[in-house]
Amino acid sequence: MAWQGIKEKPILGWGQGNFGLVFNKYYNPELYAQEPWFDRVHNIILDWAIAGGLLGLLAYLSMPFLFLYYLWRKVTDLSFVEKSIFTGLLVGYGFHNLFVFDNLISYIFFFTLLAYIHSKISRPFLHPLWQRMVVSHGTAVRLVTPLMIVLTIFSIYAINAKGVTAAQTLIKAISPQQEGPAKNFEYFEEVVALNSLGRQEVAEQLVTTAVRVRDPQVDSGVQQQFFDFGRSEMERLIENNPNDARVRLFYASYLNRFSFFDDAIVQLEKALELSPQKQAIFFELGTSYLNKGDLNRALEIFKEAHELAPSYPDAVYVYAVGAAYAGRDDIASKLLGSLFEQYKERDEVFAVDDRIIRAYAQLERYDKIVEIWQNAIATDPNNAQFRISLAATYIQVGRRLEAIAEIRKSIELNPEFKEQGEFYIHEIEAGRNP
């Protein structure tokens with residue numbers, strides 16, 4: 001994926017911190033089991049080629065090369081063994097960075113080595129023009145030193161103190177408050193007003209909290225305040241990062257939670273332009289159409305997501321859910337059957353997904369739920385919870401004797417369940433649903 005990005009912008013690259021754009025644009029759908037939003041290449045060579053293109057990469061590589069040149073050709077007061085140790089440190093660092101990327105600590109080590117060798121070979125710059133520009137000691141004491149103190153204090157406030165305050169306020173904003181959600185909202189207003197580091201984190205925590213306070217026990221006015229504020233902050237975030245597919249997906253998910261399906265679709269279609277092979281975007285887009293009642297369009301989108309990586313279990317389940325809602329039992333049964341066979345071939349326990357269970361329950365297709373739990377038990381006959389779930393489904397379809405049999409098997413497998421299981425059996429035999 002990085003190589004595709006390098007070929008697109010080979011000279012100057014994509015800019016610092018922008019591998020996320022490349023990752024989204026050239027995303028390989030077979031990476032579904034990996035972290036969904038990589039922001040670095042995990043290879044220092046490719047990382048710099050993305051950030052600064054060929055010129056940036058050459059500038060970066062010039063530092064270790066010059067380090068070795070001056071170490072072996074110019075430094076005279078180090079022994080062969082000492083020079084070999086420095087070389088080994090640099091080689092180890094370089095090899096390590098073929099699989100990761102630099103962070104603050106590794107930069108400190110790297111530049112400390114460069115600084116040490118620099119101190120060994122540096123000489124005063126004696127050009128006449130430079131000599132006229134050199135500040136005298138007295139001027140430095142009276143002017144430069146006070147100026148540096150003022151700049152340092154200002155930097156500590158602007159960069160560190162303000163950021164720390166924002167972080168502390170955000171923690172208060174997402175923590176339960178005695179005064180209730182209204183107080184949380186005040187803290188969110190404070191942290192946004194600081195306009196400090198972590199703006200995306202603040203916006204995402206805000207909309208997460210807005211979803212959480214969507215509760216009948218919370219004042220409707222406070223709920224509306226949270227929703228409006230969350231929406232405005234996400235839109236401002238998108239305005240500042242229009243090419244970030246992740247932000248648009250997050251915002252669309254937020255809009256879907258509040259039934260603004262058409263607005264969510266607008267964001268998701270733009271996100272798909274930025275990341276045309278990202279299954280998560282297809283899932284959310286299909287969900288938007290599903291909630292709108294456009295079942296056929298939802299099924300088409302889920303099918304596209306599945307075809308990107310047919311072995312992706314989530315994509316299979318989502319496609320099956322769409323097929324179930326669209327009345328396409330043939331597709332859903334085929335998908336679930338193939339998934340079951342995959343688990344069986346790998347000798348793994350069949351992972352039952354709540355989404356397909358909820359879909360069939362909503363459609364009152366309990367016969368299909370029975371099949372799912374039977375398949376799960378076939379891969380793990382000693383799973384008591386699977387048998388309890390199957391028993392509950394048997395009750396829904398009127399197969400009460402079979403439900404009792406499954407509960408008894410559950411008791412055998414889990415003796416701690418005996419008291420509760422016998423209560424269930426008594427209720428079923430009495431004609432009631434426990």
Side-chain angles (χ1 to χ4, degrees), residues 24 27-33 36 211 245-246 248-344 350-376 389 393 396-397:
N24 290 337
Y27 178 74
N28 180 350
E30 294 295 335
L31 288 178
Y32 59 81
V211 173
R246 181 181 181 274
R248 291 184 181 274
L249 174 59
F250 196 92
Y251 183 34
S253 177
Y254 176 62
L255 292 171
N256 272 335
R257 296 294 294 270
F258 288 90
S259 301
F260 287 87
F261 306 125
D262 289 327
D263 293 339
I265 288 170
V266 171
Q267 296 298 330
L268 291 165
E269 287 179 343
K270 179 60 179 176
L272 269 184
E273 293 177 15
L274 299 168
S275 186
Q277 297 194 96
K278 193 79 173 181
Q279 293 102 326
I281 302 174
F282 283 94
F283 295 164
E284 196 67 37
L285 182 59
T287 301
S288 299
Y289 280 106
L290 197 64
N291 290 329
K292 279 186 65 176
D294 192 342
L295 304 181
N296 290 328
R297 178 60 181 143
L299 183 59
E300 292 173 4
I301 293 168
F302 291 147
K303 180 182 179 182
E304 288 183 62
H306 172 254
E307 290 176 345
L308 289 171
S311 59
Y312 183 14
D314 263 14
V316 174
Y317 272 120
V318 169
Y319 187 18
V321 168
Y325 279 116
R328 294 297 304 273
D329 281 345
D330 55 328
I331 295 176
S333 296
K334 183 178 179 181
L335 289 167
L336 295 174
S338 65
L339 192 60
F340 167 67
E341 289 300 326
Q342 290 177 27
Y343 279 99
K344 193 174 179 181
F350 186 56
V352 180
D353 193 289
D354 288 342
R355 289 169 292 186
I356 191 67
I357 298 295
R358 288 197 301 269
Y360 278 132
Q362 187 175 334
L363 296 168
E364 297 184 352
R365 293 298 309 275
Y366 298 107
D367 57 320
K368 292 294 182 182
I369 302 178
V370 166
E371 291 180 16
I372 292 172
W373 289 120
Q374 286 175 337
N375 284 338
S389 298
T393 313
Q396 294 292 336
V397 295

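What you are looking at is a predicted structure, and each value in this text was computed from that prediction instead of being measured.
Heavy atoms only, all atoms of each residue included: A309 and P29 are closest at CB-O, 3.7 Å. Contact detail for A332 and A324: the closest heavy-atom pair is CB-N, 4.3 Å. Here the shortest heavy-atom pairing between A252 and Q267 reads CB-CB, 4.1 Å. Across G286 and A298, no two heavy atoms sit closer than the pair O-CB, 3.4 Å. In terms of heavy atoms, T393 sits closest to Y366 at CG2-O, 3.5 Å. Here the shortest heavy-atom pairing between A315 and F283 reads CA-CZ, 3.6 Å.
Taking a cutoff of 4.0 Å between a charged side-chain nitrogen and a carboxylate oxygen, K292 and D294 do not qualify as a salt bridge. Ionic pairing of K334 and D329 is not present here: no N-O contact between side-chain nitrogen and carboxylate oxygen is shorter than 4.0 angstrom.
The six-membered or imidazole ring of F302 lies away from that of Y319, with a centre-to-centre distance of 6.0 Å or more.
The closest side-chain heavy-atom distance from I356 to Y360 is below 4.5 Å. Side-chain atoms of Q342 and P313, non-hydrogen and from C-beta on, never get closer than 4.5 Å to each other. Under the 4.5 Å side-chain criterion, counting only non-hydrogen atoms from C-beta, L268 is not in contact with R248. Side chains of E30 and S311 form a contact here, defined as non-hydrogen atoms less than 4.5 Å apart. Inter-residue side-chain proximity for P310 and Y312 is flagged as unmet; no heavy-atom pair is nearer than 4.5 Å. At a threshold of 4.5 Å between non-hydrogen side-chain atoms, the residues L295 and L299 do not count as touching. Looking only at side-chain heavy atoms (C-beta outward), L274 and N24 stay at 4.5 Å or farther from each other. Here the side chains of V316 and H306 are in contact, with some heavy-atom distance below 4.5 Å.
Applying the 6.0 Å contact sphere to CZ of R257 captures no more than 12 heavy atoms from other residues, nucleotides or ligands.
A distance of 13.0 Å separates CG in L285 from CZ in F261, rounded to the nearest 0.5 Å. Note that CD1 of I265 is 7.5 Å distant from CG of N256, once rounded to the nearest 0.5 Å. To the nearest 0.5 Å, atom OG of residue S333 and atom NZ of residue K368 are 3.0 Å apart. The CD1 atom of I357 sits 8.5 Å away from the CG atom of D353 when rounded to the nearest 0.5 Å. Of the inter-residue distances, the one linking N28 atom CG with K278 atom NZ reads 10.5 Å to the nearest 0.5 angstrom. Between K270 atom NZ and I281 atom CD1 the span is 12.0 Å, to the nearest 0.5 Å.
With sequence neighbours excluded, no residue forms a ring pair (Phe, Tyr, Trp, His ring centres under 6.0 Å) with Y289. With sequence neighbours left out, the ring pair (Phe, Tyr, Trp, His ring centres under 6.0 Å) criterion links F258 to F227, Y254. Taking the ring pair (Phe, Tyr, Trp, His ring centres under 6.0 Å) definition, one finds that F250 meets it with nothing, sequence neighbours left out.
Between D314 and Q279, the side chains place no donor N or O within less than 3.5 Å of an acceptor N or O (distance only, hydrogens not considered).
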- side-chain contact (heavy atoms from CB on, under 4.5 Å) between Q362 and R358, intermediate numbers included: CA-CA 6 Å; Q362 187 175 334; R358 288 197 301 269; over 6 Å; no
- Message: Before you tell me yes or no, could you show the steps for L339 and Y317 under side-chain contact (heavy atoms from CB on, under 4.5 Å), namely the whole-Å CA-CA distance, both residues' side-chain angles and the distance that decides it to 0.1 Å?
- Response: CA-CA 9 Å; L339 192 60; Y317 272 120; 3.5 Å; yes
- Step by step, would you call K344 with E341 a salt bridge (Lys or Arg N to Asp or Glu O under 4.0 Å)? CA-CA 5 Å; K344 193 174 179 181; E341 289 300 326; 5.1 Å; no
- Task: Decide side-chain contact (heavy atoms from CB on, under 4.5 Å) for Y251 and D263; before the verdict, give the C-alpha distance in whole Å, the side-chain angles of both, and the deciding distance to 0.1 Å.
- Result: CA-CA 10 Å; Y251 183 34; D263 293 339; over 6 Å; no
- Task: I would like to know whether L272 and F282 meet side-chain contact (heavy atoms from CB on, under 4.5 Å); could you show each step before the answer?
- Result: CA-CA 8 Å; L272 269 184; F282 283 94; 3.6 Å; yes
- Message: Could you walk me through whether E300 and K303 satisfy the salt bridge (Lys or Arg N to Asp or Glu O under 4.0 Å) test, starting with their C-alpha distance in whole Å, then the side-chain angles of each, then the deciding distance to 0.1 Å, before giving a yes or no?
- Response: CA-CA 5 Å; E300 292 173 4; K303 180 182 179 182; over 6 Å; no
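A donor-acceptor pair under 3.5 Å is formed between the side chain of Q277 and the backbone N or O of Y27. Side-chain N or O atoms of S275 include none that pairs as donor or acceptor with a backbone N or O of A271 at under 3.5 Å.
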